[in-house]
Amino acid sequence: MKTLKTQVAIVGAGPSGLLLGQLLARQGIDNIIVERVSGEYVLGRIRAGILEQGFVDLVREAGVAERMDSEGEVHNGFDIAVNGRSFHIDLKTLTGGKTVLCYGQTEITRDLMAARAAAGLETYYEASDVALHDLKTESPHLTFEQAGEAVRLDCDYIAGCDGFHGVSRRSIPEELRTEHERVYPFGWLGLLADTPPVAEELIYCKSERGFALASRRSSTRSRYYLQVSMTDDVENWSDEAFWEELKKRLPEEAAERLVTGPSLEKSIAPLRSFVCEPMQYGALFLVGDAAHIVPPTGAKGLNLAASDVSTLSRILQRVYQQNDRACVEQYSPIALRRVWHGERFSWWMSNLLHSFNGDEINGMDAATYNRFMHSELDYYLNSDEGRAVIARQYVGLPYEALH
Ligand code: RFL
Ligand code: PHB
C-alpha cells in the first residue's frame with residue numbers, strides 16, 4: 001500500500017474543499033484533497049449563482065478573485081413578483097450599502113481548480129472507496145483506491161467536504177449525531193441557456209401555478225427555475241414545455257421580453273432542509289453540504305459552506321501557529337449558529353414563495369396554509385421594515401469571530 005502524509009486531509013473537491021485547501025495552503029498548512037469523481041465531472045454540475053460579500057472576501061483572501069472580480073456582476077437588489085405584481089428589494093438601500101455578486105459556482109470551482117494546479121497542490125481525483133479511520137486517536141487517516149492502487153493518507157485532521165451523499169458524516173457514530181430534516185413536496189427544474197436574461201436583476205415569482213425564478217450568469221446566459229412536483233421527471237419537460245410554463249409564471253412585462261433557446265443543461269433538484277449536529281467529531285470536521293442542506297430559495301447553500309470554511313481555516317491557523325489544539329472545540333458551535341440562521345431564512349422564503357398542494361401541512365390543509373403564507377408575504381413586502389428583514393438576511397449575516 002502506498003502511504004502519504006499531510007497535515008489536513010480534505011475529502012471532496014467541490015467548492016468547500018477547494019476553497020479550504022487554498023486558504024490553508026496560503027497559511028503554510030499542508031493539505032491533500034481526495035475526490036470521488038473527475039475534475040470535469042465536478043465542473044459539469046450547474047448550481048449556485050449568488051455570492052454574499054463574506055464569500056467574495058474569502059475568495060479574495062484565497063488569492064483567486066481575479067476573474068470573479070472582473071466578470072462577476074454586482075446586484076444591488078432583486079424583485080419578488082406576486083401573481084404578476086413586482087416588489088423591489090433594494091438590498092443596497094435597505095442594508096446600508098451591502099450587495100451580492102452574481103457569479104456561478106461552476107466558475108468559482110474552475111478558478112479554484114486552476115489555482116490549486118498552478119500552486120502544485122496535490123489532488124487525487126477519481127478515488128474510490130474513500131474511508132475515514134481512527135478519528136478519535138492521535139493517528140487519524142484515510143484509505144482509498146486510485147488508479148488500481150491502494151493508498152493510505154496519514155494526517156492530523158480531516159475536513160469532510162464531500163457533500164450530502166459523502167462518507168464523512170456517516171463516519172460519526174450514529175448515536176453521537178442528530179440529524180434534522182424537512183423534505184419539501186416539490187423540486188426545482190432548472191434550465192441553463194445562452195439567451196439574454198429577461199432582467200438585469202433576479203426575479204423570484206410566486207404564482208398560482210407555482211414558483212419560478214429568473215436568474216442569470218451573464219448578459220448572454222440565463223438560468224431559470226420552475227417549481228415542479230417532487231415526483232416529476234426531467235424527461236417530461238421538453239425545452240418548449242419549460243419556456244411555455246415559465247412565461248405563465250413570470251410577470252407580464254418580463255414574459256414579453258423572454259428570449260427562448262435550446263437548453264445547455266436541464267435537471268431537477270429536490271428541496272430539502274437538513275442539519276447534522278454536531279459538525280465535529282475527534283479529528284473530523286464536517287464542512288458545507290456534508291453537514292447541512294438548504295432549499296435554494298434563499299441562495300444560501302454555497303454561502304453557508306463558505307462561512308464553515310472561514311471558521312475552520314481560522315481554527316486550523318490557530319492550531320498550527322499558536323499550538324492551541326483546544327480551539328477545535330469552537331468549530332461546531334460557531335458554525336451551527338450561522339447555519340441555523342441560514343436554514344431558517346431558506347425554509348421561510350421557501351414557504352412564502354411556493355404553492356403547496358395535496359398533503360396537510362403544519363396541521364392544516366394546503367389551501368389554508370397557502371393563504372397564511374400569501375398574507376405573511378404581503379405584510380413583509382408592503383413595508384420598508386419587512387423588506388429590510390428580507391434584505392439583511394439575503395446579503396448574509398456576519399461571520400462570528402473565534403473566542
Ligand atoms: P459539493 O458541491 O456537493 O461537493 C462535494 C464533493 O465531494 C465529492 N464526494 C466525495 N469525494 C470523495 N469521497 C466520497 N465518498 C465523496 N462523496 C462525494 C463530490 O463528488 C463533490 O465533488 O459540496 P460543497 O463543496 O460543500 O458545496 C456546497 C454547494 O455545492 C451547495 O451548497 C450548493 O450548490 C447548493 N445548491 C445551491 N445553492 C445555492 O446557493 N444556490 C443554488 O442555486 C443552488 N442550486 C444546489 C443547487 C445544490 C444542488 N445539489 C446538491 C444537488 C442545485 C443542486 C442540484
Ligand atoms: C441561481 O442563479 O442558480 C440561483 C440564484 C438564486 C437562488 C437560487 C439559484 O436563490
Side-chain angles (χ1 to χ4, degrees), residues 9-21 33-39 41-52 55 73 75 78 80 100 102-106 108-109 112-113 123-132 142-146 158-171 187-192 197 201-204 211 213-218 221-225 234 265 267-272 274 286-306 308-309 339 342 345-346 349-350 353 394 396:
I10 299 175
V11 188
S16 299
L18 289 167
L19 185 56
L20 178 67
I33 301 186
V34 181
E35 164 62 52
R36 186 173 51 86
V37 298
S38 67
Y41 189 93
V42 172
L43 287 175
R45 300 179 177 128
I46 308 296
R47 293 184 178 173
I50 293 290
L51 311 180
E52 295 172 356
F55 189 113
E73 299 177 341
H75 283 205
F78 63 89
I80 296 182
V100 292
C102 185
Y103 187 64
Q105 176 170 333
T106 315
I108 286 281
T109 308
L112 286 164
M113 279 170 77
T123 312
Y124 288 80
Y125 282 102
E126 299 183 88
S128 57
D129 298 327
V130 177
L132 290 68
L142 298 181
T143 53
F144 57 94
E145 246 192 74
Q146 206 235 14
I158 298 173
C161 304
D162 49 349
F164 183 63
H165 300 288
V167 288
S168 297
R169 187 176 66 253
R170 285 179 274 126
S171 305
W188 279 18
L189 169 65
L191 180 146
L192 187 73
E201 294 181 344
L202 272 57
I203 314 176
Y204 290 80
F211 171 80
L213 171 62
S215 183
R216 52 189 281 144
R217 292 291 176 270
S218 70
R221 182 166 285 190
S222 310
R223 178 70 166 161
Y224 297 107
Y225 295 96
V234 69
E265 191 262 5
S267 56
I268 295 183
L271 261 63
R272 182 193 307 271
F274 176 89
L286 299 180
V287 180
D289 278 17
H292 42 77
I293 295 288
V294 288
T297 327
K300 287 284 163 266
L302 185 57
N303 291 302
L304 288 178
D308 292 350
V309 167
V339 163
F345 178 65
S346 305
M349 289 284 278
S350 300
L353 293 173
Y394 194 86

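Reckoned from all heavy atoms, side chains included, excluding hydrogens, waters and symmetry mates. Start at 1 and go down the list; that is how both ligands and their atoms are numbered.
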One thing to verify: whether Glu265 and Arg223 come together as a salt bridge, which I'm taking to mean a side-chain N less than 4.0 angstrom from a carboxylate O.
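Yes, this pair counts.
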For this session: Identify, chain by chain and in numerical order, each protein residue with a heavy atom under 4.0 Å from an atom of ligand 2.
Result: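 Shell around ligand 2 (4.0 Å, heavy atoms): Arg47, Gly49, Ile50, Trp188, Leu202, Tyr204, Leu213, Ser215, Arg217, Arg223, Tyr225, Pro296, Thr297, Ala299.
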Residues lining ligand 1 [heavy-atom distance under 4.0 Å, listed by chain and residue number] =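 Val11, Gly12, Gly14, Pro15, Ser16, Val34, Glu35, Arg36, Val37, Val42, Arg45, Arg47, Ala48, Gln105, Val130, Cys161, Asp162, Gly163, Gly166, Val167, Tyr225, Ala269, Gly288, Asp289, Pro296, Ala299, Lys300, Gly301, Leu302.
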| query | What residue among Asn303, Leu302, Leu304 forms side-chain contact (heavy atoms from CB on, under 4.5 Å) with Glu52? | reply |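 For Glu52, the side-chain contact (heavy atoms from CB on, under 4.5 Å) test succeeds with only one of Asn303, Leu302, Leu304, which is Asn303.
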Checklist entry - Just one of Ile46, Leu192, Val42 clears the side-chain contact (heavy atoms from CB on, under 4.5 Å) bar with Thr106, so which one? => result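 That would be Ile46; it is the only one of Ile46, Leu192, Val42 passing the side-chain contact (heavy atoms from CB on, under 4.5 Å) with Thr106.
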| message | Is it true that, when you exclude Phe164 itself, more than 12 heavy atoms of the residues, nucleotides or ligands shown sit nearer than 6.0 Å to its CZ? | response |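 Count over threshold, so yes.
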For Arg170 versus His165, what's the shortest heavy-atom pair and its separation?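 Here Arg170 and His165 meet closest at NH2-O, 3.1 Å.
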At their closest point, which heavy atom of Gly17 faces which heavy atom of Ile10, and how far apart are they?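 In terms of heavy atoms, the two residues are closest at CA-CG2, 3.6 Å.
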Output the distance between atom CD1 (Ile50) and atom SG (Cys102), rounded to the nearest 0.5 Å.
->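 Going from CD1 on Ile50 over to SG on Cys102, the span is 4.5 Å.
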Backbone of Ser168 reached by a side-chain donor or acceptor of Asp162 within 3.5 Å: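 Yes, the answer is positive, given that a donor and an acceptor are paired below the 3.5 Å cut-off.
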*Without swapping roles, check the side chain of Lys300 against the backbone of Ile293 for a donor-acceptor pair under 3.5 Å.*
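No.
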